[in-house]
Amino acid sequence: MKILVIGSGGREHALVWKLAQSPRVTRMWCAPGNAGIAGERLAANNRPVECVSLGAEDLAALRAFAGENRPDLTVVGPDNPLALGIVDLFRQDGHRIWGPNRKAAQFEASKVFSQRFMEKYGIPTARAGTFADAAAALDFAASLGGRCAVKADGLALGKGVLICRGMAEAGQAIQEVLVKRAFGGAGAHIVIQELLEGMEISLHALCDGRTAKLFPASQDHKRALDGDAGLNTGGMGAYCPAPFLAGPELAAVGAGILDPWLRGCLAEGIDFRGILYPGVMLTKDGPKVLEFNARFGDPETQVYLTRMENDLAELLTSSADGTLENVELKWSPMPSVCVVMASAGYPGSYAKGKPIRGLDEAARLPNTKVFHAGTANAGDQVVTNGGRVLGVTAWGKDLSAARAAAYAAVETIHFEGAQFRRDIGSKALDRAGG
Ligand code: AMP
Ligand code: GLY
């Protein structure tokens, strides 16, 4: 089986690494990939994974590449090509491709669409309104005492959500997003949600259009600094399982979201084949969906795939083909922890091209995998090439062993200005009294 993976981050390295373990996979390309992805080999024949320098959003070039090389499966990592309709395009050409089509990708690409869908089909979510008009938006924000989340409708590089704790902030947020269009056309409409408080977790479900298979809960760490201080980032670390929602309670909460979601998809003619990733706040009034993503989380993927025992190539083929119903997901009992090492300055501006040392030493550590995100090869060196640089991932007999192993690996790796959080997994360990 020949596979093309699209994307270049830590999530895509984890996808490539796991797909490469499948005995079925005999050739793999990644567009555009990164230095870590270029270092992977296939378990079936020891053939290297081939990085091809095509951008993840260059649909015309990707289509031409698939036409020439005929992959048996294309796996799409990031949200942008999904929102641009890469799945529809590849299917038109007769290619098997994994990920939601353009209509289904709206769950991530449009917050107005998602909010209305949740309300229509009774999915538990925040009290909310959708607006194109600033005066009406201000009235609604005032009815919440200004305590709200103001969200640009469209994709805004993960920056389109402003958290407000009073009317002054809410007024400013509405002005920025809706009136001044700080996120461009993405802010032509906005969603305003009541501010929810509680523990935030990530859910993932693999879907095939009719069936949704729920993963264990995981937890991301979105803020740049320890103790959830600093700016919002793409995610500075994750762990799985998250003990705040597990066992029968997880199954019940999952069903409370996924059953009405599947009913709604059927009613609206939405054929969702991919990962549905609801961000969920566990509030004192029960779990509430903050947003839907239509792809794997990053860095959640790194902790999920280091625990997954299924053949990922088979699983994603089933998801794309609509044959997931009788598939059982299998997970290692060992918890997994991913610590992201980022460039100095991230999530603001940062330098690139800093040599990374210690990767060989980290690669020799047991129960450890260093996933590359923003890295590139420069001569015989691996250098930084993005904000999030590495996702240092380890697993162990319990969460504290996994975390100790991840931080031991972090200590072996060096690049100028490296920043990382020291408290990944702390909420779970504090809860367990350790
Ligand atoms: P979103 O892209 O909608 O997930 O929002 C980004 C982040 O903003 C989430 O991960 C939450 O941490 C926070 N957030 C979003 N909506 C709310 C809300 N209604 N109440 C509190 N925090 C929120
Ligand atoms: N971990 C956050 C995201 O993937 O959106």
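Read the numbers this way: they start at 1 and go in the same order the structure lists the ligands and their atoms. Residue numbers start at 1 and run along the sequence shown. From a predicted model like this one, the values you see are computed outputs, not experimental measurements.
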At what distance is the nearest protein heavy atom to atom 12 (O) of ligand 1, and which residue and atom is it?
Glu200 OE1, 2.5 Å
Which one of Asn293, Thr125, Val161 has a non-hydrogen atom at the shortest distance from atom 5 (O) of ligand 1?
Val161
Any N or O of Asn232 closer than 3.5 Å to N or O of ligand 1:
no
Atoms of ligand 2 close to Gly297 [distance to a heavy atom under 4.0 angstrom, numbered from 1]:
4 (O)
Whether Glu176 and Lys180 form a salt bridge (side-chain N of Lys/Arg under 4.0 Å from carboxylate O of Asp/Glu) is what I want to check.
yes
Would you call the rings of Trp17 and Phe371 parallel, tilted or perpendicular, where under 30° means parallel and over 60° means perpendicular?
perpendicular
If you measure from each heavy atom of Ser202 to ligand 2, is any distance below 4.0 Å?
no
Quick test of your reading of the structure: of Gln193, Lys151, Glu197, whose heavy atom lies closest to atom 3 (O) of ligand 1?
Lys151
among protein heavy atoms, the one nearest atom 17 (C) of ligand 1 is Leu290 CD2, 3.5 Å
Using a heavy-atom cut-off of under 4.0 Å, does the side chain or the backbone of Glu300 touch ligand 2, or both, or neither?
side chain
Is any NZ, NE, NH1 or NH2 atom of the basic residue among Glu194 and Arg147 found under 4.0 Å from an Asp or Glu carboxylate oxygen of the other?
no
So, does Asn293 use its side chain to make a donor-acceptor pair with the main chain of Arg295 at under 3.5 Å?
no
Arg295 near ligand 2 by a heavy-atom separation under 4.0 Å:
yes
Between Asp298 and ligand 2, is there a nitrogen or oxygen pair with a distance under 3.5 Å?
yes
Could you check whether Arg421 pairs with Asp228 (Lys NZ or Arg NE/NH1/NH2 to Asp/Glu carboxylate O, under 4.0 Å)?
yes
Is the shortest side-chain N to carboxylate O distance from Glu328 to Lys213 below 4.0 Å?
no
Do Arg388 and Pro347 come within less than 4.5 Å of each other through their side chains, counting heavy atoms only?
no
Tyr277 neighbourhood, listing ligand 2 atoms whose heavy-atom distance to it stays under 4.0 Å:
1 (N), 2 (C), 3 (C), 4 (O), 5 (O)
Looking only at distance, does Ile163 have an N or O less than 3.5 Å from an N or O of ligand 1?
no
Relative to each other, are the rings of Phe296 and His204 parallel, tilted or perpendicular (30° and 60° limits)?
tilted
Which ligand 1 atoms, with their elements, are less than 4.0 angstrom from a heavy-atom of Lys222?
10 (O)
Show which atoms of ligand 1 fall inside a sub-4.0 Å distance from at least one heavy-atom site of Leu195.
20 (N), 21 (C)
Does a side-chain N-to-carboxylate-O contact under 4.0 Å join Lys18 and Glu12?
no
Under 4.0 Å from any heavy atom of Ala149, which atoms of ligand 1 are there?
16 (N), 17 (C), 18 (C), 19 (N)
Exercise check, heavy-atom protein proximity under 4.0 Å to atom 21 (C) of ligand 1
yes
Of all the heavy atoms in Lys288, does at least one lie under 4.0 Å from an atom in ligand 1?
no
Quick one: closest heavy-atom pair of Ala255 and Pro260, and the distance?
O-CD, 3.5 Å
Note: ligand 2 atoms sitting under 4.0 Å from heavy atoms of Gly234 are 1 (N), 2 (C)
Interfacing atoms of ligand 2 (cut-off 4.0 Å, heavy-atom, Asp220)
1 (N), 2 (C)
Polar side chain donor-acceptor pair, Gln115 to Gln193, under 3.5 angstrom
yes
Under a 4.0 Å threshold between the charged nitrogen and the carboxylate oxygen, would Asp153 count as salt-bridged to Lys151?
no
With a 4.0 Å cut-off on heavy atoms, is Gly235 touching ligand 2?
no
Closest to atom 2 (O) of ligand 1 among protein heavy atoms sits Glu291 OE1, 2.9 Å
Kindly assign one of parallel, tilted or perpendicular to the pair Phe107 and Phe113, based on the angle between their ring planes and the thresholds 30° and 60°.
perpendicular
